[in-house]
Amino acid sequence: MKNKYYYKLNDVTQGLNKLREKGLTRGKETGFPFDNLGISIKPGCTTYLAGAPASGKSEFWLEILINLSCLYGWKHVVFTPETGNVQEIYAELCFKYITKPYFSTVDGCMSEAERVKAEMFISEHFIVVDPKDDTITIKDYYKVVDDIEQEYGITVNTTTIDPFNEVKHELGAGRQDLYIEEILGECRRNARATKRHNCLITHVRDQNLVEKESV
């Protein structure tokens, strides 16, 4: 039978009745006071963050991932090469969990007991992807996440690509705007199919110079 891509209201009456009774399903709360903004993290959906380099995009999103693990036990796969190498990324995640510096050379660093606690928690909830000098496409990355689930017997709740600029782009001679539409569609379709929440973080391409007159 040919796939059907269109529906009359009568075709979905049962689901519509359930929606009326239950209302829209919100995603998981972030652990931050964003209620007035209506922000939540919903399985099967996507988040896109954009901004200037060093504006705190990665910091903000990693904090949310830590909160999702603390509140709901969610597991995450992250590809964030600009945060550092694998060890540095894990050190950063431990810092965010304990809220004390990971490095023993820094004043006020976490104790050995806190270090063990942090490493156990982060090991349970995070896996870092690092293709080293190889380049991967967004489809390659999602295949890696599938492989992680199979190898470790876990359910991955979120994936992160940070920044999106780091994945291999197969633009060829096509138009950039159409290519971006395709990639965003791939991100959305993968999230829906896997019931994960996929996040793409990117830098703005062009930044206008801001000039200020001296007083």
Side-chain angles (χ1 to χ4, degrees), residues 25-31 39-51 57-97 118-171 179-203:
T25 302
R26 279 181 58 81
K28 299 296 186 182
E29 302 302 328
T30 63
I39 296 176
S40 65
I41 308 300
K42 192 172 182 178
C45 296
T46 55
T47 291
Y48 308 107
L49 297 177
K57 302 181 299 298
S58 302
E59 300 290 328
F60 170 74
W61 185 247
L62 292 179
E63 291 279 4
I64 286 180
L65 297 186
I66 291 286
N67 287 351
L68 291 171
S69 293
C70 291
L71 294 170
Y72 314 109
W74 275 21
K75 291 178 169 56
H76 318 282
V77 173
V78 297
F79 171 55
T80 177
E82 288 196 350
T83 300
N85 62 32
V86 174
Q87 295 87 346
E88 291 167 341
I89 294 167
Y90 277 124
E92 177 67 15
L93 290 168
C94 287
F95 160 70
K96 291 189 178 304
Y97 179 63
E119 290 182 354
M120 290 180 62
F121 180 86
I122 297 303
S123 178
E124 175 69 18
H125 296 95
F126 287 84
I127 293 178
V128 173
V129 170
D130 181 10
K132 305 209 180 281
D133 294 330
D134 295 333
T135 56
I136 60 174
T137 66
I138 190 170
K139 290 184 178 180
D140 294 333
Y141 176 70
Y142 292 142
K143 178 60 169 61
V144 168
V145 178
D146 293 339
D147 293 342
I148 287 170
E149 288 191 324
Q150 184 173 359
E151 179 176 351
Y152 295 104
I154 62 174
T155 297
V156 173
N157 302 106
T158 80
T159 74
T160 298
I161 295 177
D162 171 32
F164 174 59
N165 313 60
E166 286 283 344
V167 298
K168 180 180 179 181
H169 299 293
E170 298 175 328
L171 178 60
Y179 169 75
I180 292 175
E181 283 185 17
E182 178 185 347
I183 290 299
L184 297 183
E186 178 67 26
C187 177
R188 176 185 56 79
R189 288 189 295 271
N190 178 269
R192 180 179 292 183
T194 61
K195 299 296 188 291
R196 301 179 191 130
H197 189 97
N198 292 338
C199 176
L200 298 180
I201 301 175
T202 189
H203 301 324

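Numbers here simply count residues along the sequence, with the first being 1. What you are looking at is a predicted structure, and each value in this text was computed from that prediction instead of being measured.
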### Query
Side-chain donor-acceptor pair under 3.5 Å between N85 and D130, yes or no?
no
### Query
Taking N67 for the side chain and T30 for the main chain, is one N or O donor matched with an acceptor at less than 3.5 Å?
yes
### Message
Could you report the tightest heavy-atom contact between W61 and I201, atom names first, then the distance?
### Response
CB-CD1, 3.9 Å
## Note on the structure
Of all heavy-atom pairs linking T46 and R188, the shortest is CG2-CA, 3.8 Å
### Task
Decide yes or no for P163 and I161: does some side-chain heavy atom of the first lie under 4.5 Å from some side-chain heavy atom of the second?
no
### Message
Is it the case that the side chain of H197 and the backbone of K42 share a donor-acceptor pair, with hydrogens and angles ignored and the cut-off at 3.5 Å?
### Response
yes
### Task
Might you confirm whether atom OH of Y152 has over 12 heavy atoms from other residues, nucleotides or ligands at distances under 6.0 Å?
no
### Task
Indicate the atoms forming the closest heavy-atom contact of T160 with Y141, along with that distance.
O-OH, 2.8 Å
#### Entry: Non-hydrogen atoms of K28 and W74 that approach each other most closely
CG-CZ2, 3.3 Å
#### Entry: Whether over 12 other heavy atoms sit under 6.0 Å from R192 CZ
no
### Query
Can we say R196 and E149 salt-bridge, meaning some charged N sits less than 4.0 Å from an Asp/Glu carboxylate O?
yes
### Message
When you measure from the side chain of S40 to the backbone of G27, do you find a donor-acceptor pair of N or O atoms at a distance under 3.5 Å?
### Response
yes
### Task
Using the six-membered ring wherever Trp is involved, compare the ring planes of F121 and Y97 and label them parallel, tilted or perpendicular (cut-offs 30° and 60°).
parallel
### Message
Can a side-chain donor-acceptor contact be found between S58 and D162 if the only test is distance below 3.5 angstrom?
### Response
yes
### Query
For S69 and H76, what are the C-alpha separation, side-chain angles and deciding distance, and is it a side chain to side chain donor-acceptor pair (under 3.5 Å)?
CA-CA 8 Å; S69 293; H76 318 282; 2.8 Å; yes
### Query
What residues form a salt bridge (Lys or Arg N to Asp or Glu O under 4.0 Å) with E59, not counting sequence neighbours?
K96
### Task
Ignoring hydrogens and angles, tell me if any N or O in the side chain of Y142 forms a donor-acceptor pair with the backbone of T137 under 3.5 Å.
no
